[in-house]
Amino acid sequence: MQSKRRWSMLFLKGIAMGAADAVPGVSGGTIAFISGIYEELLQSIRRVTPANLMLLLRGGPKAFWEKINGTFLLVLFSGVLVSLITLSRAAVYLLQNHPSLLWAFFFGLIVSSTLWMLKQIGEWNQRNLLMLVVGCVSAAAISVMSPVEAPMTPLVIVLSGSIAICAMILPGISGSFILLLLGMYGPIMGAIKNFDIGVLGLFLGGCVAGLLSFSHLLGWLFRHYRAMTLSLLTGFMMGSLVKVWPWKFTTQYRVNSHGDQIPLVQGNVLPFDYQALTGHDPMLLFALALMVLGGLLVYILEAKMNSDR
């Protein structure tokens, strides 16, 4: 019974990661971190090595499955996949029709997550403070970059998957926003919606390659420079707040392949300026309520983690 409950909770965490990854500006790695599965995820991915693949021949599928923590990976990524196929449509709809409310929820979640991560660092010195600043500035700089248009070639699709998946497992760095910067967000979301097996196969291949290689680097950093790595990741999350500020004013649009106008360059504005500039209701009370809800969710997850220990 305890095992079923654990796997059910893990599946739900995967769904939350997938929903976050579907929104440009929010990272599934943030959800993994605040839900307490981040380091186990990295360790499990790092075990998928050629040496361990030999266990399939020597010890059989069961030995290999246990070595790589296969059930954990299967349940978690099943949740992510189900979420991307189902909730991604809802996330895209909210992003197009109620962006301020969606951003407000994630803004509160990330602020609360940042405060939680600051407590995990434990020790503060010049090196950790420097890494915090570097992470914050880097994520903020990425957040204000303008998207480009990349050609839909097989190589570009594979490379996009490799780069985006690395960002997706970094708290504070949004893989979907990286896709947006590369001009690949629309095509990939369209491929998911239309089940384009060719594009999805190339993209997932790139994701697997990037995930297996980058997870080793992150694992090594956690083993040897844990506090500095946590400081850098916390800085990433702080810097990402620039992207998820709820009230934005679009200064430049682009036209997609369907002839629709898509926001290209946006600037953050205050709620009352937002109404004056756009003519839309900032829905301040609703947005503040969703910020509080996002923040409370982190504390609920933290309380549950503490109760499970």
Side-chain angles (χ1 to χ4, degrees), residues 9 12-36 79-80 82-84 86-119 136 139-140 142-144 168 171-177 180 185 189 234 236-250 262-263 266-305:
M9 288 302 301
L12 291 176
K13 291 174 182 178
I15 287 179
M17 286 177 63
D21 278 328
V23 179
V26 187
S27 168
T30 301
I31 305 298
F33 220 114
I34 64 177
S35 61
V80 172
V82 167
S83 182
L84 286 174
T86 56
L87 295 184
S88 61
R89 299 189 183 192
V92 171
Y93 172 81
L94 290 172
L95 197 60
Q96 292 173 343
N97 296 278
H98 303 287
S100 296
L101 299 182
L102 183 66
W103 291 129
F105 173 77
F106 282 112
F107 189 89
L109 186 145
I110 293 174
V111 167
S112 190
S113 302
T114 301
L115 296 175
W116 179 81
M117 283 189 67
L118 285 171
K119 294 188 295 184
C136 185
I142 291 172
S143 297
V144 298
M168 284 177 182
I173 300 292
S174 166
S176 52
F177 183 62
L180 193 65
Y185 180 74
M189 295 304 288
T234 304
F236 284 155
M237 292 177 65
M238 292 174 66
S240 72
L241 291 173
V242 173
K243 177 61 183 174
V244 296
W245 177 252
W247 297 280
K248 304 175 186 298
F249 177 62
T250 303
I262 306 296
Q266 294 180 310
N268 294 333
V269 296
L270 295 174
F272 304 109
D273 294 332
Y274 174 83
Q275 186 165 17
L277 289 168
T278 67
H280 298 300
D281 184 356
M283 305 182 74
L284 184 58
L285 291 180
F286 284 109
L288 291 176
L290 286 169
M291 282 186 189
V292 172
L293 178 62
L296 286 175
L297 181 61
V298 175
Y299 284 99
I300 292 171
L301 288 171
E302 181 183 9
K304 184 172 189 323
M305 286 166 54

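The first residue in the sequence is number 1, and the count goes up from there.
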Value for CE (Met237) from CG (Leu118), rounded to nearest 0.5 Å, stands at 9.0 Å
On a heavy-atom basis, the closest approach of Leu241 and Val111 is CD2-CG2, 3.8 Å
The reported gap from CZ in Phe107 to CH2 in Trp247 (rounded to nearest 0.5 angstrom) is 8.5 Å
Separation between CG (Leu270) and CG (Leu284), nearest 0.5 Å, reads 10.5 Å
- Chi angles and distances behind the side chain to side chain contact (heavy atoms under 4.5 Å, CB included) call for Leu293, Leu290: CA-CA 5 Å; Leu293 178 62; Leu290 286 169; 4.1 Å; yes
When every non-hydrogen atom of Ser83 is compared with those of Gly18, the smallest separation belongs to OG-C, 3.3 Å
Nearest heavy-atom contact between Leu101 and Phe286 is CD2-CB, 3.8 Å
The reported gap from CD1 in Ile110 to CZ in Phe105 (rounded to nearest 0.5 angstrom) is 10.0 Å
Between Ser112 and Gly295, the two heavy atoms sitting closest are OG-O, 3.1 Å
Heavy atoms of Ala104 and Ala287 approach each other most closely as CB-O, 3.4 Å
In this structure, CG of Asp281 is separated from OH of Tyr274 (nearest 0.5 Å) by 8.5 Å
Does the side chain of Met291 reach to within under 4.5 Å of the side chain of Pro246, using non-hydrogen atoms?
-> yes
